[in-house]
Amino acid sequence: MILFLSSLLLIFLGGASALVPALSPRKKSVLHAGMIVAGCIAALIPVCKVLLGGQLSSLHLPWTIPAGEIALVIDPLSAIFLFLHFVVSGSSAVFGLSYFRHDEGKRSLKSLHFFFSVFIVFIALVLTAQNGILFLVAWELMATSAFFLVIFDGHEPQVRRAGFLYLAATHIGTLCLFVAFVLLGAKAGSFDFDRIAGSPAIVPVSASVFVLSIIGFGGKAGFMPLHIWLPEAHPAAPSPVSALMSGVMIKTGIYGILRILSFYQIIPAWWGFTLGAIGVVSGSLGIIWAMAQSDFKRLLAYSSIENVGIITIGLGVGYLGLSFGNPVVILFGFGGALFHVVNHALFKSLLFLGAGSVLHATGNRDMEKQGGLLKRMPLTGLSVLLGSVAICGLPPLNGFISEWLIYYGAFHLGHGKDLYPLFGAPILALIGVLAATCFTKAFGTQFLGSPRSREAAGARESDVFMTWSMGFLGFCCCLIGLFPGTVLPAVGRAVSILVPGSAESLPSDLADQAPVLLGINWLAIGLGTIVFLFFLLRRALISKRPVTQASTWGCGYALVSPRMQYTSSSFAQFPVALFQKLLRPIHETSRLRGYFPEPQARFASRTPDLVWDRFLLPVIQRGQKWFLAVRGFQHGRVQLYLVYMFLFLVALFLWKL
Amino acid sequence: MLTKIGSVLVTLLIAPLLPGIINRVKAIFSGRQGPPLLQLYFDLFKLLKKGAVYSTTTTWIFRAGPIVSLAGLLLASLFVPLAGASSPLSFSGDVVAFAYLLGLARFFTVLAALDTGSSFEGMGASREVTFSILAEPTLFIIFIVLVRCTGSLSLSTMFGQAISLMPAKFAASLVLIVFSLFVVCLAENSRIPVDDPATHLELTMIHEVMVLDHGGPDLAFILYGASIKLFLLVALMAHLILPMDSGDPVREWIYFGATVATLTIVIGFVESAMARIRMIRVPRLLTAACIIALIGMILSLR
């Protein structure tokens with residue numbers, strides 16, 4: 001634990017070094033990234049020890065406030081999340097080293113460097129805190145530092161707007177968490193997690209704790225009606241920050257749900273159903289909206305909602321298994337969900353870094369303007385391709401393994417008479433095939449074909465820091481895909497934290513499933529071998545034959561131009577039309593006039609967020625009218641706010657007396 | 001072991017025969033003599049001996065597309081039982097692997113099409129992914145019905161042995177999913193009424209237009225892969241229609257061969273008797289197949 005804490009300190013000092021005035025901007029950046037990477041590597045040592053089945057690492061210190069003690073524990077559940085956290089943080093820091101290079105000297109990177117470190121440190125504390133108060137403090141600091149990272153480009157109005165939307169969303173969530181933890185703490189008589197866990201006193205408030213934590217943690221994770229901040233904040237933030245937010249921060253929501261529900265010995269079946277339903281809705285709607293986007297980072301943000309949906313389906317399956325007492329379902333539901341947490345962190349941060357690399361090279365996030373980038377940026381292209389194959393859950397990469405585990409659990413649920421567990425697998429299939437549509441579109445229109453703009457034509461490969469950090473994440477995806485067996489025991493240990501009293505039985509359950517898992521292990525290797533053999537065959541076949549270059553067959557038309565290519569909108573038009581009712585895309589065209597129209601014809605299409613436009617915005621506008629009456633109290637004078645607090649306390653006293 | 005190698009060889013050798021049968025049926029219906037039954041074999045050999053022409057727009061994705069697609073389809077074929085014998089590879093949950101390997105093949109075919117930078121190929125790719133959005137969940141609903149009927153999660157036992165031991169109450173579901181699987185098979189293999197493999201007007205095609213720029217060995221890989229995919233889905237349907245459980249391999253193979261041939265002729269019959277439906281109507285057909293499979297799923301709950 002000492003090593004863990006000192007590495008967190010190192011990461012923090014890396015951020016604080018930005019405030020040292022003597023160094024040149026470049027040296028500061030290098031120092032910052034270097035210390036973060038060193039801290040992440042050092043912190044991974046105790047985390048990996050726990051993952052490999054070693055002793056739990058813990059620290060308990062007395063605390064002056066009467067809320068229990070400062071308790072930090074790395075148990076297998078935390079360790080899974082910490083592992084992905086440090087891997088993604090380290091890579092993002094390295095990526096940032098060249099991503100922010102053109103800003104050095106031009107503007108101050110102090111706040112970025114400082115809050116980047118603070119963000120990493122407090123995510124780590126959220127994942128290890130074993131005391132409610134400590135958890136909430138870390139949670140709040142994590143959320144706030146993310147806000148400062150999002151508004152890095154705060155001089156642009158839409159970035160500010162995204163930042164404030166995020167701030168509002170996260171505080172609504174935190175408010176619910178305050179209530180949930182106070183309820184738990186008041187009933188159990190302590191804020192220490194080990195005293196709350198399993199305490200019979202917390203059972204009466206179980207329903208309210210469940211609902212509050214779904215809203216509080218679900219808002220952070222991006223559950224469907226609470227997701228509105230994601231597609232705004234992720235594109236607004238600088239790419240390494242979006243990678244960290246989407247890869248790690250939204251997973252803290254999943255972690256929170258798992259941790260808070262692990263306090264309960266008996267899980268009612270409706271919890272599982274609720275989670276499953278949330279997962280199905282988030283997963284399918286998230287990817288349908290993603291498909292209609294033409295901003296790559298917005299698309300990735302919606303796809304994060306989809307992946308959180310998949311994870312939540314897995315959790316729903318796991319909790320249903322817990323309610324029905326089916327060990328196979330428990331193991332595969334939770335196992336798949338946790339595995340997908342790791343996988344999603346890897347490939348989503350890889351894709352966000354890829355988006356950053358493209359943005360860096362072309363200055364544009366709009367996919368309609370790209371094209372042919374694979375020739376100009378081969379390494380970025382390869383990384384994004386790996387990320388795309390992985391995120392679609394296709395073999396042989398890691399996404400397939402976790403989705404397969406969830407499928408397996410969902411198939412096993414279908415033995416009862418109930419109808420609804422059966423919808424899990426077809427919905428997962430629908431999500432999978434929609435994801436494939438989405439990412440063939442994203443990769444195809446940006447990296448393949450010919451460039452659609454001058455910037456794309458002149459794009460150059462990013463430098464070594466960017467490509468290596470992406471390459472490292474891509475390598476991790478391949479490694480897990482080819483050898484999933486190495487990760488599964490760690491996932492199994494984390495599952496045993498979630499299931500009360502299963503520490504003894506689960507490893508043997510896992511061993512029972514070994515033949516099943518072996519099959520999946522060989523699949524990836526088999527596929528790799530067959531592809532390689534065909535590659536050799538093809539090479540042998542055409543080695544002695546004439547291979548010539550020509551232009552793409554244009555069906556006899558001679559004046560083919562890059563503008564005639566299918567763009568991302570045109571590729572998505574037909575599938576989007578299938579979901580017309582859900583998406584309601586807006587088309588803007590200017591009508592051509594006269595026999596020889598001026599060259600001003602334009603077409604633009606965009607897809608607004610229906611939840612925001614049709615549901616939240618009217619509610620907010622209605623609310624604004626009501627709240628106008630009490631606006632006089634909100635005048636911005638802090639001393640008067642303190643008077644309100646004092647009066648409120650007096651009123652409380654009078655009421656209680 | 002020997003039977004397993006045998007069934008791999010059967011898949012590899014027989015698959016290209018199926019398009020030949022379909023074309024012969026269509027020729028007979030339209031009063032033509034038609035190409036020989038073994039035409040696809042001749043085409044494959046001819047293409048394998050050719051060189052290649054690549055567009056300057058394309059990258060290594062274009063060259064990798066046919067290889068990865070064929071590899072995915074071949075690996076998927078190892079999970080499919082033939083003539084009631086257990087499949088060369090099987091593990092519990094391989095249904096998902098089967099569907100996702102087909103997905104991998106599609107993913108790379110679509111990327112290779114987009115790599116050419118041609119609007120025709122983009123158009124085909126867009127259509128292909130759209131129809132797969134409806135076909136893929138249908139396939140999974142069919143699998144769920146079979147999981148409920150047979151209690152098995154591997155294609156080999158699901159279609160091979162367990163199907164004949166199934167209680168009679170599942171008969172209605174089975175009839176419905178056979179119909180759905182037939183529609184999925186037509187859509188996945190780009191046959192009429194979803195796609196017209198014979199037309200040479202690029203605007204009306206899906207699969208053919210996606211592979212417009214491929215030639216030589218690459219095209220051979222693609223054509224071979226397409227025939228394997230057709231064979232796989234027809235073989236799965238054959239097991240649903242005629243359970244093969246007598247334990248006498250010779251009889252089983254005769255039954256299997258006859259059923260596969262009949263189904264192929266039925267596909268040819270459908271192609272001759274129907275016109276391709278309008279592109280925007282295809283989703284309706286696929287949705288109908290999906291709903292029919294769902295009805296089968298609800299009936300299987302009894």
Side-chain angles (χ1 to χ4, degrees), chain A residues 371-372 374-375 389 392-395 400 404 407-408 411 414 417 419 422 425-426 429-430 432-434 436-437 440 443-445 448-450 515-516 518-520 523 526-527 530-531 534-535 538 541-542 545-555 562 564-566 570-571 573-575 578, chain B residues 48 50-57 59 61 67-68 70-72 74-75 91-94 96-97 99-101 103-104 106-107 110-111 114-120 122-123 125-127 129-130 132-133 136-137 139-141 143-144 147-148 153 202 212-213 216-218 221 283 297-298 301:
Chain A
L374 187 61
K375 281 196 171 160
V389 173
C392 295
L394 296 173
F400 173 68
W404 181 84
Y407 270 117
Y408 198 76
F411 271 126
K417 281 242 171 203
L419 181 64
L422 294 179
L430 178 69
V433 72
L434 284 170
T437 307
T440 42
F443 184 78
T445 47
L448 305 177
S450 35
V516 176
L518 199 67
I520 216 78
L523 185 75
L527 186 67
I530 299 181
V531 169
F534 276 122
F535 170 72
R538 180 179 156 286
L541 279 171
I542 66 172
R545 320 253 173 231
V547 175
T548 47
Q549 299 268 330
S551 65
T552 300
W553 168 237
C555 301
M564 290 176 184
Q565 289 174 93
Y566 248 43
S570 42
F571 183 77
Q573 187 269 331
F574 200 4
L578 287 183
Chain B
L48 285 177
K50 289 201 171 214
V53 183
Y54 292 114
S55 159
T56 42
T57 318
T59 57
I61 296 276
I67 294 178
V68 177
L70 182 57
L74 270 186
L75 196 58
F91 57 90
S92 186
D94 62 10
V96 181
Y100 272 62
L101 283 169
L104 179 75
R106 184 185 308 119
F107 188 90
V110 167
L111 281 191
L114 289 174
D115 201 10
T116 57
S118 145
S119 46
F120 290 125
M123 209 177 279
S126 171
R127 289 167 182 168
V129 294
T130 309
S132 69
I133 289 173
E136 186 99 352
L139 192 63
F140 268 89
I141 296 170
F143 285 153
I144 284 200
V147 168
R148 286 195 66 85
L153 271 172
E202 291 82 352
L212 206 58
D213 248 56
D218 293 329
F221 285 173
M297 184 167 110
I298 290 172
L301 288 175

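Every chain is numbered from 1, with letters handed out A, B, ... down the list of sequences.
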Side chains of B:Val96 and A:Tyr408: does their closest heavy-atom pair fall under 4.5 Å? no
If you look at every heavy atom in A:Ser551 and B:Thr56, which pair is closest and at what distance? CA-OG1, 4.2 Å
Considering all heavy atoms, the nearest A:Met564-B:Ser119 contact: O-CB, 3.1 Å
One should read off an interatomic distance between A:Lys375 NZ and B:Asp115 CG, to the nearest 0.5 angstrom, of 7.5 Å
Taken to the nearest 0.5 Å, the spacing of A:Ile542 CD1 from B:Leu48 CG works out to 11.5 Å
Using a cut-off of 6.0 Å, state whether more than 12 heavy atoms not belonging to B:Lys50 lie near its atom NZ. no
Quick check: does any side chain N or O of B:Thr116 sit under 3.5 Å from a backbone N or O of A:Thr552, one acting as donor and the other as acceptor? no
Name the orientation class of the two ring planes belonging to B:Tyr100 and A:Tyr407 (parallel below 30°, tilted from 30 to 60°, perpendicular beyond 60°). perpendicular
Give, for atom CH2 of A:Trp553 and atom CZ of B:Phe120, the distance between the pair rounded to the nearest 0.5 Å. 9.0 Å
Among B:Val68, B:Leu101, B:Leu74, which residue meets the side chain to side chain contact (heavy atoms under 4.5 Å, CB included) test with A:Leu527? B:Leu101
Out of curiosity, A:Thr437 OG1 to B:Ile133 CD1, how far, rounded to the nearest 0.5 Å? 4.0 Å
What closest approach, in Å, do B:Leu75 and A:Gly526 show between heavy atoms, and which atom pair accounts for it? CD2-C, 4.5 Å
Nearest 0.5 Å, please: how far is OG1 in B:Thr57 from CD in A:Gln565? 7.5 Å
Heavy-atom closest contact (A:Phe535 atom, B:Ile67 atom, distance): CA-CD1, 3.8 Å
For chain A, the option from B:Asp94, B:Asp218, B:Leu139 that forms the most heavy-atom pairs under 4.5 Å: B:Asp218
The reported gap from OH in A:Tyr566 to CG in B:Leu114 (rounded to nearest 0.5 angstrom) is 10.5 Å
Among B:Phe221, B:Phe143, B:Phe91, who wins on heavy-atom pairs under 4.5 Å with chain A? B:Phe91
Among A:Pro395, A:Gly432, A:Pro562, which residue has the highest count of heavy-atom pairs closer than 4.5 Å to chain B? A:Pro395
A:Leu578, part contacting chain B, at a heavy-atom distance under 4.5 Å: side chain
Of the listed residues (B:Leu70, B:Ile141, B:Ile144), which shares the most heavy-atom pairs with chain A below a 4.5 Å separation? B:Ile144
Search all heavy atoms of A:Ile530 against all heavy atoms of B:Ala71 and return the closest pair with its distance. CG2-CB, 3.6 Å
Counting only heavy atoms closer than 4.5 Å, note whether B:Val110 contacts chain A via side chain, backbone, both or neither. side chain
Considering only heavy atoms from C-beta outward, does the side chain of A:Val433 approach that of B:Arg106 to under 4.5 Å? yes
Mark yes or no for whether A:Trp404, through its side chain, and B:Gly93, through its backbone, hold a donor-acceptor pair below 3.5 Å. yes
Top contributor to chain A interface from B:Gly72, B:Gly216, B:Pro217, B:Gly117 [non-hydrogen pairs under 4.5 Å]: B:Gly117
Mind ranking A:Gly444, A:Pro426, A:Ala550 by heavy-atom pairs under 4.5 Å with chain B and telling me who comes out on top? A:Ala550
Minimum heavy-atom separation for A:Ala429 and B:Pro137, please, with both atom names. CB-CA, 4.2 Å
B:Asp213, part contacting chain A, at a heavy-atom distance under 4.5 Å: side chain
Contact class of A:Phe574 relative to chain B, heavy atoms under 4.5 angstrom: both
